[in-house]
There are 2 protein chains.
Amino acid sequence: MASPSKAGAPHRVRLNRERVLATAIALADAGGIESLTMRRLGEELGVEAMSLYNHIANKEDLLTGMIDAVFAEIELPSHSDNWKAALRKRSVSFRDALSRHPWATALKDSGTNPGPATLRHHDRVIGTLRNGGFSIALAAHAFSAVDSYIYGFAMQEKSLPFTTDEEAATMAHLMLAQLPANEYPYLAELTAEYVLRPGYNYGNEFPFGLDLILDALERARDAQPAG
Amino acid sequence: MASPSKAGAPHRVRLNRERVLATAIALADAGGIESLTMRRLGEELGVEAMSLYNHIANKEDLLTGMIDAVFAEIELPSHSDNWKAALRKRSVSFRDALSRHPWATALKDSGTNPGPATLRHHDRVIGTLRNGGFSIALAAHAFSAVDSYIYGFAMQEKSLPFTTDEEAATMAHLMLAQLPANEYPYLAELTAEYVLRPGYNYGNEFPFGLDLILDALERARDAQPAG
DNA sequence: ACCTGAACACCGTTCAAGT
DNA sequence: ACCTGAACACCGTTCAAGT
């Protein structure tokens with residue numbers, strides 16, 4: 001009544017790039033990246049698919065924008081923390097973001113240019129290392145090592161055929177039953193005695209590798225010739 | 001002439017699953033995974049797309065088979081080497097395989113079941129760690145850490161918008177020119193003083209992270225309570 | 001047993017036409 | 001300036017029909 005729009009008429013909020021990106025991300029989160037089509041995205045926004053092209057150049061532009069929006073969610077390394085604590089916090093935040101948006105892991109494809117949030121993120125990570133006493137070369141090595149680990153972990157986590165603990169147990173039981181134990185003895189052992197333990201969750205493996213790498217980087221940093 | 005097939009008639013080799021998989025892999029290697037369509041694959045094999053369904057269940061089955069074929073290319077860890085040397089060799093071989101078939105990196109999607117080559121590979125890696133003195137839990141940690149790093153590295157490498165050194169230099173110059181140096185100072189520094197050095201190649205970063213992780217795993221192994 | 005042609009329900013994207 | 005309907009060139013997959 002207070003609204004100037006006619007009663008019963010669909011309250012159509014003006015379309016813009018941000019709303020298109022946010023809705024696309026929500027669709028990909030809910031149904032996987034393969035469920036994100038221009039027609040479905042239009043429908044979700046109460047508009048024909050063709051209207052989307054007034055706000056994005058094409059589907060690749062849409063995907064690039066979605067990736068940059070995910071990077072914008074990552075907590076930047078704090079200047080007040082020391083490099084290791086700062087990098088650890090942002091790494092956990094990075095992995096959380098990839099966990100919320102699993103499709104982002106595989107989408108970093110060739111030719112997709114980094115957006116502003118991505119560039120800011122990279123700049124801050126490198127800055128954290130440089131200010132923490134890393135040489136340029138060692139900072140480049142460290143950046144590559146940590147981010148490779150995070151991306152790869154997120155990808156492996158995504159490729160697991162289960163998410164909850166109960167599903168994992170069911171799945172592992174099933175796999176174990178199918179695995180010829182004499183053909184894959186070590187896999188069978190690991191599944192039976194590790195994966196099938198109550199409370200197992202692959203996600204819990206993340207901190208081990210992260211701290212392994214951060215501790216090793218600290219040693220490499222300390223071993224640098226004094227500059 | 002010596003052939004029993006009629007002159008001029010297309011020499012049609014009998015279709016089978018292996019030939020379908022091999023041709024699909026060649027197509028994906030050459031033109032990217034998005035260029036692999038059932039119709040194009042049929043054409044390449046001299047057959048209508050519909051005929052493929054006599055040898056594969058559907059496209060997902062095709063992709064699963066392709067992934068397993070990539071795993072079959074990876075050098076299994078050798079029993080004669082010690083765990084570290086064996087794991088290092090297979091890790092380099094793993095990365096090489098992902099480098100030859102970049103599409104395989106992103107394809108490990110949820111729901112895709114591991115094939116026999118994949119299972120054998122996993123079994124041998126875990127076996128190498130167990131025989132090298134790793135507890136079950138530490139073997140699981142180590143497996144996750146190393147393979148996450150390899151996958152993530154391959155993905156980052158794939159997402160670079162260049163492959164050769166000259167392309168990299170051109171690209172970096174371009175990026176540097178576009179980067180507002182006062183907005184992304186550390187990124188600008190790293191690009192100017194590291195990436196733009198002659199001979200830079202992101203792929204060369206691989207051994208640093210790999211050895212960082214393997215050395216750290218050795219320390220973790222040695223720190224285990226004697227069993 | 002294997003291959004094919006036609007058909008179905010989808011895609012991303014263009015373009016002229018509407019308001 | 002933004003939205004739409006019709007159309008184009010594609011997809012994966014089914015099914016009955018051929019050999």
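Residue numbering restarts at 1 for every chain, and letters A, B, ... go by the order of the sequence lines.
Comment: Glu157(A) engages Arg95(A) in a salt bridge, judged by a side-chain N to carboxylate O separation of less than 4.0 angstrom. Comment: Arg130(A) does not engage Asp123(A) in a salt bridge, judged by the lack of any side-chain N to carboxylate O separation of less than 4.0 angstrom. Of the charged side-chain nitrogens involved, at least one lies within less than 4.0 Å of a carboxylate oxygen, so that Arg17(B) and Asp61(B) count as a salt-bridged pair.
Rounding to whole angstrom units, CD1 of residue Ile56(A) and C1' of dT14(C) are separated by 15 Å. Atom CD in Glu43(A) sits roughly 13 Å away from atom C1' in dC10(C) (whole-Å rounding). The distance from atom CG of Leu62(B) to atom P of dT13(D) is 9 Å, rounded to the nearest whole Å. The nearest whole Å value for the distance from the CG atom in Asn54(B) to the P atom in dT19(D) is 17 Å. Nucleotide dC11(D) holds its P atom 12 Å from the CD atom of Glu34(B), rounded to whole Å. Taking atom CG of residue Leu41(A) and atom P of nucleotide dC11(C), one finds them 12 Å apart after rounding to whole Å. Rounded to an integer number of Å, the gap from Leu15(A) CG to dT4(D) C1' is 14 Å. Rounded to a whole Å, the CE atom of Met38(B) is 12 Å from the P atom of dC11(D).
Listed pair Arg40(B) / dC11(D) meets the phosphate criterion, a side-chain N or O lying under 4.0 Å from OP1 or OP2. In terms of phosphate contacts, Ser51(B) brings no side-chain nitrogen or oxygen within less than 4.0 Å of OP1 or OP2 of dC2(C). Here His55(B) reaches the OP1 or OP2 of dC3(C): one of its side-chain N or O atoms lies under 4.0 Å away.
Each of Arg39(A) and Leu52(B) was assigned the nucleotide of DNA chain C with the nearest heavy atom; the assignment lying further toward the 5' end belongs to Leu52(B).
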For the pair Phe94(A) and His121(A), evaluate ring pair (Phe, Tyr, Trp, His ring centres under 6.0 Å) and give the outcome as yes or no after the intermediate values. CA-CA 10 Å; Phe94(A) 191 0; His121(A) 175 91; 5.6 Å; yes
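For Thr23(A) and Glu44(A), the side-chain atoms include no donor-acceptor pair closer than 3.5 Å.
In Lys89(A), the NZ atom is not crowded: 12 or fewer heavy atoms of neighbouring residues, nucleotides or ligands sit closer than 6.0 Å.
When both distances must be under 3.5 Å, the Watson-Crick or G-U wobble mate of dG12(D) is dC8(C). Pairing for dG18(D) is with dC2(C), a Watson-Crick or G-U wobble pair whose two hydrogen-bonding atom distances lie under 3.5 Å.
Applying a 4.0 Å cut-off to non-hydrogen atoms, none of the residues of residues 22-30 of chain A approaches DNA chain C.
The side chain of Glu48(B) sits closest to dG5(C) out of dT4(D), dG12(C), dG5(C). Checking dC2(D), dT13(D), dT4(D) against the side-chain heavy atoms of Arg14(A) singles out dC2(D) as nearest. Listed nucleotides dG12(D), dC3(D), dC11(D) differ in distance to Lys59(B); the shortest reach to its side chain belongs to dG12(D). For Tyr53(B), the side-chain atoms get nearest to dT13(D) when compared with the rest of dC3(D), dT13(D), dT14(C). If you check dC2(D), dA7(C), dT13(C) against the side chain of Met50(B), the one that comes closest is dA7(C).
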Tabulate below the donor-acceptor pairs under 3.5 Å that side-chain atoms of residues 31-43 of chain A make, not counting sequence neighbours, or state none.
residue, atom, partner, partner atom, Å
Ser35(A), OG, Gly31(A), O, 3.3
Ser35(A), OG, Gly32(A), O, 2.7
Thr37(A), OG1, Arg40(A), N, 3.1
Arg40(A), NE, Ser35(A), O, 3.1
Arg40(A), NH2, Ser35(A), O, 3.3

Hey, can you pull the donor-acceptor pairs under 3.5 Å for the side chains in residues 45-55 of chain A, sequence neighbours left out?
residue, atom, partner, partner atom, Å
Ser51(A), OG, Glu48(A), O, 3.4
Asn54(A), ND2, Ser51(A), O, 3.3
His55(A), NE2, Leu15(A), O, 3.3

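When heavy atoms are screened at a 4.0 angstrom cut-off, Thr37(B) is found touching the sugar-phosphate backbone but no base atom.
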